[in-house]
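The structure under discussion appears below in the form of structure tokens.
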Amino acid sequence: MPELPEVETIRRGLEDVLVGREFLGAEVLWGKSLVCEGVDVDDLRGCEVLAVERRGKFLVMRFSSGFVVTVHLRMSGRLIAEEDGGELPFERVRMRFSGGLNLKFCDMRKFGRVWVSSAEEYEKLTGIWKLGPEPLLGDVGAEVFEGKRGAVKKVLLDQTVLAGVGNIYADEACFYAGVRPDARMEKLSRGQLEKLFEGVVVALKQGIRNRGTSISDFEDAFGGKGKNQELLYVYGRGGKECLKCGGVLERGKVAGRTTVWCEVCQGEVQGKLEF
DNA sequence: CCCCTATCCTGAGGGC
DNA sequence: TGCCCTCAGGATAGGG
């Protein structure tokens with residue numbers, strides 16, 4: 001479910017309520033959801049939350065004494081911060097903080113993870129070390145796609161190329177750029193690569209501005225819904241009319257993932273982006 | 001090297 | 001109503 005904009009939405013919510021709180025303890029309701037490396041989760045008792053950061057689709061919580069808690073929501077994970085002590089559906093890990101605040105990691109499909117480690121270990125433990133650059137920092141551009149081979153969508157989903165893009169925003173970025181998701185990256189012109197990068201940035205920023213895409217049931221840190229699902233051009237709209245040209249949107253598999261695109265609008269670069 | 005599939009899991013929704 | 005099948009936004013290992 002969650003891609004960069006959804007994780008960023010959660011991060012902002014958690015930053016507001018978590019920084020400065022003291023960690024009191026954790027309850028593990030499903031053992032595989034919590035992975036500790038060289039640390040026991042009880043070691044964090046008494047530590048203070050210093051910062052809530054995001055790297056790609058990972059959420060990184062920094063604690064005093066050099067501890068780090070990293071979360072990846074994968075397909076169905078959610079992080080809910082609330083004072084209510086009741087057990088939520090599919091709750092897997094609960095972290096208790098001062099002031100009665102509980103951080104509840106819920107994950108129906110159990111693919112998500114919460115890692116506890118030292119600040120020195122967390123990148124290696126979680127795989128964050130191999131992520132590509134952040135798309136929204138403004139320090140990289142279309143050059144990240146240069147020399148990459150294979151379907152455009154496959155490259156967009158490759159977290160080592162660029163961190164944070166998933167299925168929804170990959171399809172939207174291709175539409176914005178006027179590029180077919182099954183086009184070969186190595187055959188795109190420099191201009192098309194720039195359009196594609198710009199498309200990624202536009203799609204992600206719009207997602208953040210609208211507090212995420214609540215397609216199945218994405219929720220922010222307080223159970224609120226995003227509204228980006230109302231602003232998607234292609235994702236989830238296979239067989240429906242293209243909002244730009246009125247034609248019928250195609251649906252198929254690219255890079256093993258359900259993909260939607262417009263044969264007319266994504267045949268070639270259409271000129272300057274107007275989104 | 002490239003692409004596809006299976007796998008980790010569970011529930012929703014469609015077809016019959 | 002109920003059963004069975006397919007599908008789902010992530011990531012990675014392994015096979016052809």
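First the proteins, then the strands, lettered A, B, ... as listed; each starts at 1.
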Nearest whole angstrom, please: distance from the [atom2] of [N] to the [atom1] of [X].
| X | N | atom1 | atom2 | result |
| --- | --- | --- | --- | --- |
| A:Phe218 | B:dA12 | CZ | C1' | 20 Å |
| A:Leu204 | C:dG9 | CG | C1' | 14 Å |
| A:Leu125 | C:dT12 | CG | P | 13 Å |
| A:Asp182 | B:dC3 | CG | P | 12 Å |
| A:Leu73 | C:dA11 | CG | P | 10 Å |
| A:Glu3 | C:dA11 | CD | P | 9 Å |
| A:Asp158 | B:dC1 | CG | P | 14 Å |
| A:Ile128 | C:dA11 | CD1 | P | 11 Å |

From B:dC3, C:dG9, C:dT12, pick the nucleotide closest to the side chain of A:Arg184?
B:dC3

With respect to the side chain of A:Asn167, which nucleotide from C:dA11, B:dC3, C:dG9 is positioned closest?
C:dG9

Strictly under 6.0 Å, is that where the ring centroids of A:Tyr176 and A:Tyr233 end up?
yes

Min side-chain heavy-atom separation A:Arg237-A:Leu243 under 4.5 Å:
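In short, these two side chains touch, coming nearer than 4.5 Å.
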
If only side-chain N and O atoms of A:Lys57 are considered, is one of them under 4.0 Å from the OP1 or OP2 phosphate oxygen of C:dA11?
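Yes, within the criterion.
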
Would you say C:dA8 has OP1 or OP2 under 4.0 Å from some side-chain N or O of A:Lys253?
yes

Please figure out whether A:Thr126 or A:Tyr235 has its closest DNA chain C nucleotide nearer the 5' end.
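Looking at the nearest nucleotide for each, A:Tyr235 comes out on the 5' side.
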
ILVMFWY cluster, A:Leu193 and A:Val144 together (side-chain gap under 4.5 Å)
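Yes, one cluster joins them.
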
If hydrophobic residues (ILVMFWY) are linked whenever their side-chain heavy atoms come closer than 4.5 Å, directly or via other members, who joins A:Phe58 in its cluster?
A:Val35, A:Val60, A:Val68, A:Trp115, A:Tyr122, A:Leu125, A:Ile128, A:Leu131

A:Arg251 atom CZ, over 12 foreign heavy atoms within 6.0 Å
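No, CZ of A:Arg251 has 12 or fewer neighbouring heavy atoms, counting only those of other groups under 6.0 Å.
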
May I ask you to decide whether [X] forms a salt bridge with [Y], counting only side-chain N to carboxylate O separations under 4.0 Å?
| X | Y | value |
| --- | --- | --- |
| A:Glu219 | A:Lys225 | yes |
| A:Glu123 | A:Lys130 | no |
| A:Lys104 | A:Glu82 | yes |
| A:Arg78 | A:Asp107 | no |
| A:Arg21 | A:Glu48 | no |

Listed pairs, N/O of protein and of nucleotides 8-11 of chain B, under 3.5 Å:
unit_1: B:dC9; atom_1: OP1; unit_2: A:Lys32; atom_2: NZ; d: 2.5
unit_1: B:dC9; atom_1: O2; unit_2: A:Arg109; atom_2: NE; d: 3.0
unit_1: B:dT10; atom_1: OP1; unit_2: A:Lys110; atom_2: NZ; d: 2.7

Dot-bracket for DNA chain C, please, read 5' to 3', with Watson-Crick or G-U wobble pairs under 3.5 Å on both distances, ( ) within the strand, [ ] crossing, | other strand, . unpaired.
.|||||||.|||||||

For atom [atom1], what is the distance between [N] and [M], given to the nearest Å?
| N | M | atom1 | result |
| --- | --- | --- | --- |
| B:dT5 | C:dT6 | P | 14 Å |
| B:dC1 | C:dA11 | P | 22 Å |
| B:dC2 | C:dG9 | C1' | 24 Å |
| B:dA6 | C:dC7 | C1' | 15 Å |

Checking all strands, does A:Gly166 fall into the base, sugar-phosphate, or nothing category for heavy-atom contacts under 4.0 angstrom?
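Sugar-phosphate contact only.
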
